[in-house]
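Everything on this sheet refers to the single structure shown next.
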Amino acid sequence: MGDTALPDNGWPADRIDTENAHSARIYDYILGGKDYYPADKEAGDAMSREWPALPVHMRANRDFMNRAVRWLAEEAGMRQFLDVGTGIPTSPNLHEIAQAVAPESRVVYVDNDPIVLTLSQGLLASAPEGRTAYIEADFRDPAAILDAPELRETLDLNRPVALTVIAIVHFMLDADDAVGVVRRLLEPLPSGSYLAMSIGTAEFAPEEVGRVAREYAARNMPMRLRTLDEAHEFFTGLDLVEPGIVQVHKWHPDGSGEQGIRDEDIAMYGAVARKP
């Protein structure tokens with residue numbers, strides 16, 4: 001990828017750690033993106049050797065996000081989205097999916113990786129009827145997200161908001177209290193808001209996924225994979241949309257990419273739920 005400079009917004013390229021692999025850049029590399037460094041390629045190749053289904057799994061997670069956002073816009077009528085743990089922009093981005101359904105949709109993206117900010121122009125190309133904004137904040141600090149002026153200026157918290165937390169909580173250890181963080185983010189959102197999540201699990205390919213987790217841990221990215229019962233904890237007090245919590249490729253499949261996917265090739269649960 002090379003060095004990235006940011007002369008316009010003042011965020012220096014030297015904030016980006018190019019020597020060590022990063023989860024968002026590994027994801028980008030495996031999905032066929034271009035925003036990664038040699039350390040990320042080395043990590044992605046090592047992980048794919050341990051579990052050759054890893055690219056299938058990651059694409060299925062991305063496809064789930066696309067379907068969930070489309071469902072939220074089309075079926076649930078959502079026009080406001082808060083996407084926490086955005087990752088590197090990959091078209092179609094969340095606002096492109098939502099605004100294809102309703103151009104007036106408003107989206108706030110949140111991430112704490114400087115490279116995402118570097119590339120955030122891809123997240124800010126809103127339809128003129130709508131609006132997008134970007135907050136640099138850590139998922140583990142919900143107050144920093146909820147108190148950010150970008151959020152208050154973009155979203156009306158008197159109206160329902162769809163909170164999307166995709167492929168991030170498996171990087172939160174027990175001490176981080178992922179369930180508590182999600183609840184605090186949901187707390188100020190009114191009735192009729194939604195939570196869409198994908199949650200890493202090792203229940204379908206424990207040996208292979210365990211080896212991938214060890215590769216992440218060896219690069220200072222320890223993982224906390226969850227059981228189905230543990231995944232349910234995120235949705236306590238919410239009304240799950242059918243079919244409930246399922247592997248991501250089984251949530252409202254549209255026939256575009258699910259054919260031939262084996263259950264043991266997917267290490268992520270997905271669900272959407274409504275706040276009563």
Side-chain angles (χ1 to χ4, degrees), residues 4 6 9-28 35-37 39-40 43 61 65 80-90 93-95 106-124 132-155 157 161-189 193 195-200 213 216-217 219-226 230-231 233-234 268:
T4 304
L6 291 170
N9 59 19
W11 293 96
D14 61 12
R15 284 191 58 203
I16 299 171
D17 178 358
T18 63
E19 299 300 317
N20 296 297
H22 187 282
S23 58
R25 300 194 309 251
I26 295 168
Y27 188 67
D28 182 74
D35 298 307
Y36 59 87
Y37 293 94
D40 309 303
N61 177 73
M65 188 276 282
Q80 301 193 110
F81 296 82
L82 174 58
D83 183 53
V84 181
T86 295
I88 291 171
T90 302
N93 291 300
L94 190 153
H95 72 278
R106 291 174 166 245
V107 178
V108 173
Y109 292 106
V110 181
D111 208 291
N112 69 337
D113 180 8
I115 197 171
V116 179
L117 180 63
T118 303
L119 301 166
S120 64
Q121 286 308 113
L123 300 172
L124 300 176
T132 64
Y134 181 87
I135 300 170
E136 188 184 32
D138 194 311
F139 176 60
R140 291 165 291 194
D141 186 3
I145 298 170
L146 295 170
D147 294 341
E150 295 90 345
L151 185 142
R152 303 288 173 161
E153 292 165 4
T154 307
L155 304 182
L157 298 189
V161 175
L163 171 65
T164 57
V165 183
I166 304 299
I168 181 174
V169 294
H170 54 278
F171 292 115
M172 297 184 70
L173 305 183
D174 289 343
D176 297 319
D177 187 19
V179 172
V181 168
V182 171
R183 287 177 180 162
R184 287 194 288 277
L185 289 170
L186 279 171
E187 187 175 5
L189 307 185
S193 294
L195 170 65
M197 288 188 72
S198 62
I199 300 164
Y216 273 104
R219 294 164 177 82
N220 296 313
M221 293 176 281
M223 302 179 81
R224 172 64 164 89
L225 300 165
R226 290 172 170 83
E230 289 171 327
E233 294 175 12
F234 289 98
M268 201 80 78

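- Remark: Asn20 CG to Asn220 CG distance equals 7.0 Å, nearest 0.5 Å.
- Here the CE atom belonging to Met268 is positioned 4.0 Å from the CG atom belonging to Asn61, to the nearest 0.5 angstrom.
- When every heavy atom of Ile26 is checked against every heavy atom of Ala21, the shortest pair comes out as CD1-CB, 3.9 Å.
- Between Val84 and Leu163 there is a side-chain heavy-atom pair separated by less than 4.5 Å.
- Under the side-chain hydrogen bond (donor to acceptor under 3.5 Å, both in side chains) criterion, Ser193 pairs with no residue, sequence neighbours left out.
- Scored by the side-chain hydrogen bond (donor to acceptor under 3.5 Å, both in side chains) test, Arg219 finds Glu42, Glu215 as partners (sequence neighbours excluded).
- The closest side-chain heavy-atom distance from Val116 to Tyr134 is below 4.5 Å.
- Leu157 approaches Arg152 most closely through the heavy-atom pair CD1-NH1, 3.3 Å.
- A heavy-atom distance below 4.5 Å is found between the side chains of Tyr37 and Ile16.
- Separating the CZ atom in Phe81 from the CG atom in Leu155 is a distance of 10.5 Å, to the nearest 0.5 Å.
- Qualifying side chain to side chain contact (heavy atoms under 4.5 Å, CB included) partners for Thr154, counting only residues two or more places apart in sequence or in other chains: Arg106, Val108, Arg131, Ala133.
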Compile the donor-acceptor pairs under 3.5 Å between side chains in residues 166-179 and protein atoms, sequence neighbours left out, one pair per line.
residue, atom, partner, partner atom, Å
Asp174, OD1, Arg224, NE, 2.7
Asp176, OD2, Leu173, N, 2.8
Asp177, OD1, Gly180, N, 3.1

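- Remark: Asn112 pairs with Asp138 by the side-chain hydrogen bond (donor to acceptor under 3.5 Å, both in side chains) rule, at least two apart or across chains.
- Distance check: Ile115 CD1 to Asp28 CG gives 8.0 Å after rounding to the nearest 0.5 Å.
- Put simply, the side chain of Asn93 never gets that close to the backbone of Leu123: no donor and acceptor are under 3.5 Å apart.
- The closest side-chain heavy-atom distance from His22 to Asp113 is below 4.5 Å.
- Remark: the backbone N or O of Leu94 is paired with a side-chain donor or acceptor of Tyr109 at under 3.5 angstrom.
- Distance check: Ile199 CD1 to Phe234 CZ gives 5.0 Å after rounding to the nearest 0.5 Å.
- To the nearest 0.5 Å, the span separating CG on Leu195 from CG on Leu82 amounts to 10.5 Å.
- Checked against side chain to side chain contact (heavy atoms under 4.5 Å, CB included), Ala137 has the following partners two or more places apart in sequence or in another chain: Val110, Ile135, Ala144, Ile145.
- Across Leu185 and Pro142, no two heavy atoms sit closer than the pair CD2-CB, 3.8 Å.
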